[in-house]
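Remarks on the structure that follows.
All residue numbers refer to positions in the sequence shown, counting from 1.
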Amino acid sequence: VFQSFFRPLIVMAIIPLGFVGMIFGHLIHGQVLSFLSLIGFVGLTGIIVNDSIVLISTIERRARHQPVRNAILDGAADRLRPVLLTSLTTIGGLMPLLFETSVQAQFLIPPSLTIVYGLGLGTIVVLVLAPALFAVQHDVTSSLRSATVVINRLLSKRRPRFASAAAAGAAATGAAA
């Protein structure tokens, strides 16, 4: 999916913020973090990573044919509705479990809290932070490429001097012998 080593870092940078949403949800509802909460976090991570990959892939595909700034804006606008619908339907489907009082549903509340609150924060972060990190990554790589070109030009101008100095030194030692 990605032709860069840095693009997966963009996707993975969003996962800790889903964890923050999980902690926030447990604090609001007075629940303790449990093993079931961590199982919910695994599911949350999958949803957030999927949303991020869909968004970044769309931006990458558009960046091949148009300027990066336009690709980011158009790609984010293009994926806004699918990401929001995926997240909102998941949150809406799990919301009744948060307020369930039956004994049978008590083990479903921690993973539901994790997914609902983590996805709520994660969706906002995906839609805002992922395009911003894509732009930062593009700017940094462009700057590094420019610096590499400048350094290569400077080094290529100096190479003939070193080569001619080495040749002159070899000629001097050959003439002295």
Report yes if the side chains of Q66 and D74 come closer than 4.5 Å at any heavy-atom pair, otherwise no.
yes
Mind listing the side-chain donor-acceptor pairs of residues 81-95 below 3.5 Å, one per line with the distance, residues two or more places apart or on another chain?
| from | atom 1 | to | atom 2 | distance (Å) |
| --- | --- | --- | --- | --- |
| T86 | OG1 | P82 | O | 2.8 |
| S87 | OG | V83 | O | 3.0 |
| S87 | OG | T123 | OG1 | 2.6 |
| T89 | OG1 | L85 | O | 2.7 |
| T89 | OG1 | T86 | O | 3.1 |
| T90 | OG1 | T86 | O | 2.8 |

Using the rule side chain to side chain contact (heavy atoms under 4.5 Å, CB included), only one of I59, V126, I56, I10 pairs with P131; which is it?
I59
Connected-component partners of V140 among ILVMFWY, side-chain separation under 4.5 Å
V136, L144
Which heavy atom in I14 sits nearest to a heavy atom in G122, and how many Å separate them?
CG2-O, 4.4 Å
May I have the list of side-chain donor-acceptor pairs in residues 17-29 shorter than 3.5 Å, sequence neighbours left out?
| from | atom 1 | to | atom 2 | distance (Å) |
| --- | --- | --- | --- | --- |
| H26 | ND1 | M22 | O | 2.9 |
| H26 | NE2 | S37 | OG | 2.8 |
| H29 | NE2 | Y117 | OH | 2.9 |

Heavy-atom pair of closest approach, residues I48 and G118
CD1-O, 4.0 Å
Minimum-distance pair of heavy atoms, taken over all atoms of S34 and P110
OG-CB, 3.7 Å
Test of understanding: clusters of I, L, V, M, F, W, Y form through side-chain heavy atoms closer than 4.5 Å, transitively. Do L127 and V11 belong to the same one?
no
Group every Ile, Leu, Val, Met, Phe, Trp and Tyr by side-chain heavy-atom contacts under 4.5 Å, then state whether V128 and L119 land in the same group.
no
So do the side chains of D78 and R62 get within less than 4.5 Å of each other, counting heavy atoms only?
yes
Honestly curious: do F107 and F35 fall in one hydrophobic cluster under the side-chain, below-4.5 Å linking rule?
yes
Rounded to the nearest 0.5 Å, the CG atom of L97 sits from the CD1 atom of I115 at a distance of 10.0 Å
Atom CD in Q137, atom CG in L9: separation rounded to 0.5 Å?
9.0 Å
Closest heavy-atom contact between T114 and F41?
CG2-N, 3.4 Å
Rounded to the nearest 0.5 Å, how far does CD of E60 lie from CD1 of I53?
10.5 Å
Measure the CG-CG distance between L44 and L113 for me, rounded to the nearest 0.5 Å.
12.0 Å
Assigning hydrophobic clusters by single linkage (Ile, Leu, Val, Met, Phe, Trp, Tyr; side-chain heavy-atom cutoff under 4.5 Å), is V116 placed with F99?
yes
L36 vs I39, side chain to side chain contact (heavy atoms under 4.5 Å, CB included): CA-CA, chis, key distance, verdict:
CA-CA 5 Å; L36 293 172; I39 290 174; 4.2 Å; yes
Report whether L108 and L98 are members of the same hydrophobic cluster (ILVMFWY, side-chain heavy atoms less than 4.5 Å apart, transitive linking).
yes
Is there a side-chain contact between D51 and V54 (heavy atoms, below 4.5 Å)?
no
